[in-house]
Amino acid sequence: MALLIGCGESSSSASPIVLIRYLNRAVDSFKHDIAHIFANIFCCKTNFDSNSRTCGNEDLQPSSFENLMTAMGEQYQLRAQNWCSKQKDFDDERDPYAVFNVLDTMLKDSLERLKMMRESISLAEIGIRGCTLEVKYAEHVYIIRDLCLVGKVEAALWLRRKMIRKGVVPDVSSYNYLLNGLCKTGNLEQADWLIREMVEMGPSPNCATYNTFIKGYCLINNVDKALYIFSTMANTGIRPNKVTCNILVHALCKKGLLDDAGKILGEILEEENDKATPDLITSTILMDGYFKNGDMVQALSLWNEMVQKNTQIDVVAYNVLIHGFCLSRHMRLAYRHFCEMLKRGLLPDAFTCNILITGLCNDGKFDEALYIHGVMARMEVAPDPISYNIIIRGLCAYGDVVRAHEFLLYMLENSIVPEPQIWNLIIDCYGRCGDLGNAFSIRDQMTAFGVLPNTFTYNALVHAQVKGGNIAGAYSLKKEMILCGLYPDVVTYNLLIGAACTLGHIRLALQLHDELLTSGYDPDIITYTELIRGHCMRGNVKEAEELFAKIEKAGLPMDHIPFKILIKTYCKMREFDMSFDLYQKYLNKDK
DNA sequence: ATAGGGTTAG
């Protein structure tokens with residue numbers, strides 16, 4: 001904190017230099033205080049003279065600004081006489097409590113002073129124009145913001161530390177950007193620490209600070225903590241605003257706690273003395289919550305209320321409504337409101353179109369979905385990756401891999417390089433219908449377009465090979481993926497284990513199972529089921545039973561398949577009693 | 001020319 005600025009010449013009026021010198025002086029005196037505190041900690045001497053502080057440079061230019069700052073400084077001077085406890089006789093007794101009281105007070109005072117100084121530095125930073133260093137630090141502030149916005153919070157924090165070391169403290173909004181960056185990456189501990197620092201040393205947090213923090217806890221699904229912070233806001237003297245309310249209402253809706261959301265909303269509206277309707281965004285959040293909870297009646301009554309009260313409904317509110325109709329498969333109503341929206345002069349955005357496309361795909365209406373997709377460009381809404389994703393996913397789910405492939409080609413012709421998922425979907429779809437040639441050629445094309453295959457890609461190919469009974473091919477794919485630096489996962493192993501079992505190679509299956517364990521994965525229900533199947537096929541019923549018991553012991557949620565396999569095996573062995581017992585067990589398994 | 005709030009696929 002040594003020097004704010006290198007230039008030493010004095011200037012004539014309330015110049016930056018005067019201010020900076022003042023601050024330097026303040027910093028020096030602060031250092032002096034801290035030294036004093038330490039001196040006291042070590043020798044427990046409490047009765048020193050309050051006027052012993054020296055102020056350093058006396059050649060400051062007189063100015064009203066300086067006077068102001070001096071006055072401010074005095075207000076925060078350490079006054080030794082105030083620190084002593086009311087007991088008069090502690091001096092010689094060395095009452096430890098008194099000493100700690102004194103030290104506490106001194107530290108608190110010092111922190112207050114530092115906070116005040118930091119705030120005045122930020123003030124100065126805004127207030128002074130034309131000082132080159134100020135410009136440099138203003139740039140730092142923008143860099144901090146930009147870094148936070150692109151998710152490089154660590155770098156932003158580093159820059160902040162660097163600035164503070166030079167004696168320039170970023171303003172509240174910069175701190176809020178930092179907090180937002182931390183909260184979005186789930187780093188709530190550091191966010192908490194940053195807020196504490198703000199409270200103690202400035203710049204003082206404002207409502208946006210707390211809103212950001214509350215939102216952060218909502219994002220990691222810790223709504224209780226969010227509500228707690230909300231409840232402590234009152235103590236800090238900052239009143240929650242509409243935004244605070246919307247964050248909490250949204251979080252509660254997401255948890256399905258619509259009643260609580262309504263209650264909170266009511267409380268806040270009451271406090272605000274605003275008996276009028278909640279604002280558009282709040283209503284939108286609530287309406288969305290009702291739709292997603294399947295309560296269409298409440299959702300629509302909220303919508304009607306908005307219409308009746310002549311609320312200026314916007315695109316997002318329409319999107320939520322249309323999405324609600326799509327969720328409940330009321331596609332005609334979705335369409336009707338889409339048209340109504342156009343008539344009102346509201347231009348649909350990518351959300352609107354994607355929502356409609358999703359609804360249509362879920363209904364198997366691909367021609368209409370593709371029509372909307374085609375219309376998007378004409379409505380000046382460029383289709384985004386999500387639009388493509390929905391359509392290709394829908395076509396694959398419907399088993400229409402040919403059209404999905406055509407659509408992929410269409411994207412490539414239009415210079416859109418799809419994300420890996422889209423390629424994987426089509427590879428998987430070809431594999432499932434036994435078209436290995438196309439599955440592999442899509443993989444090659446993917447690579448040619450610079451999109452790296454991932455574990456999912458390989459799993460789709462392994463699946464294709466396994467389906468075709470080519471276990472050697474599947475096995476060599478596993479080797480290939482390792483060579484590419486990809487790790488086989490549980491799905492890969494399950495596919496290979498399943499194939500080995502089907503072909504009766506139970507030893508190979510068990511070997512793969514061991515390999516799965518050594519790779520650090522836990523076998524899942526599919527792994528065990530495949531092994532049970534393999535053992536049963538070979539007539540190793542005892543081993544199969546042991547595995548069955550293992551699933552139960554591990555507490556893995558079991559479906560009907562392992563039961564079915566064992567029951568069938570018992571029947572084949574004419575062990576009807578055992579078969580029946582297991583069937584009984586199956587019927588009672590969830591009780 | 002300032003930070004914080006609502007909608008789409010896995």
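First the proteins, then the strands, lettered A, B, ... as listed; each starts at 1.
In this structure, A/I285 reaches the sugar-phosphate backbone alone: every heavy-atom distance under 4.0 Å involves primed, P, OP1 or OP2 atoms, never a base. A/F351 comes within 4.0 angstrom of a base, heavy atoms only. Base contact: A/I281 has a heavy atom under 4.0 Å from a base atom. Heavy atoms of A/N389 sit under 4.0 angstrom from at least one base atom. A/V316 comes within 4.0 angstrom of a nucleotide base, judged by non-hydrogen atoms across all strands. At a threshold of 4.0 angstrom between heavy atoms, the contacts of A/K184 with the nucleic acid are absent.
Shown here are the salt bridge (Lys or Arg N to Asp or Glu O under 4.0 Å) partners of A/K184, two or more places apart in sequence or in another chain: there are none. For A/L436, the side-chain contact (heavy atoms from CB on, under 4.5 Å) test picks out A/F440, A/A464, A/Q465, with sequence neighbours left out. For A/T284, there are no side chain to side chain donor-acceptor pair (under 3.5 Å) partners two or more places apart in sequence or in a different chain. For A/N180, the side chain to side chain donor-acceptor pair (under 3.5 Å) criterion is met by no residue, not counting sequence neighbours.
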Side-chain polar contacts of residues 489-496 of chain A - donor-acceptor pairs under 3.5 angstrom, sequence neighbours left out - could you list them?
{"from": "A/D489", "atom 1": "OD1", "to": "A/N459", "atom 2": "ND2", "distance (Å)": "3.1"}
{"from": "A/D489", "atom 1": "OD1", "to": "A/V491", "atom 2": "N", "distance (Å)": "3.1"}
{"from": "A/D489", "atom 1": "OD1", "to": "A/T492", "atom 2": "N", "distance (Å)": "3.1"}
{"from": "A/D489", "atom 1": "OD1", "to": "A/T492", "atom 2": "OG1", "distance (Å)": "2.9"}
{"from": "A/T492", "atom 1": "OG1", "to": "A/N459", "atom 2": "OD1", "distance (Å)": "2.6"}
{"from": "A/T492", "atom 1": "OG1", "to": "A/D489", "atom 2": "N", "distance (Å)": "2.9"}
{"from": "A/T492", "atom 1": "OG1", "to": "A/D489", "atom 2": "O", "distance (Å)": "3.4"}
{"from": "A/Y493", "atom 1": "OH", "to": "A/E515", "atom 2": "OE2", "distance (Å)": "2.9"}
{"from": "A/N494", "atom 1": "OD1", "to": "A/T527", "atom 2": "OG1", "distance (Å)": "2.7"}
{"from": "A/N494", "atom 1": "ND2", "to": "A/V490", "atom 2": "O", "distance (Å)": "3.4"}
{"from": "A/N494", "atom 1": "ND2", "to": "A/D524", "atom 2": "OD1", "distance (Å)": "3.0"}

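Taking each heavy atom of A/H337 and A/L321 in turn, the nearest pair found is CD2-CD2, 3.4 Å.
Once you apply a 4.0 Å limit to the heavy atoms of chain A, the touched nucleotides of DNA chain B run 5' to 3' over B/dT2 to B/dG10.
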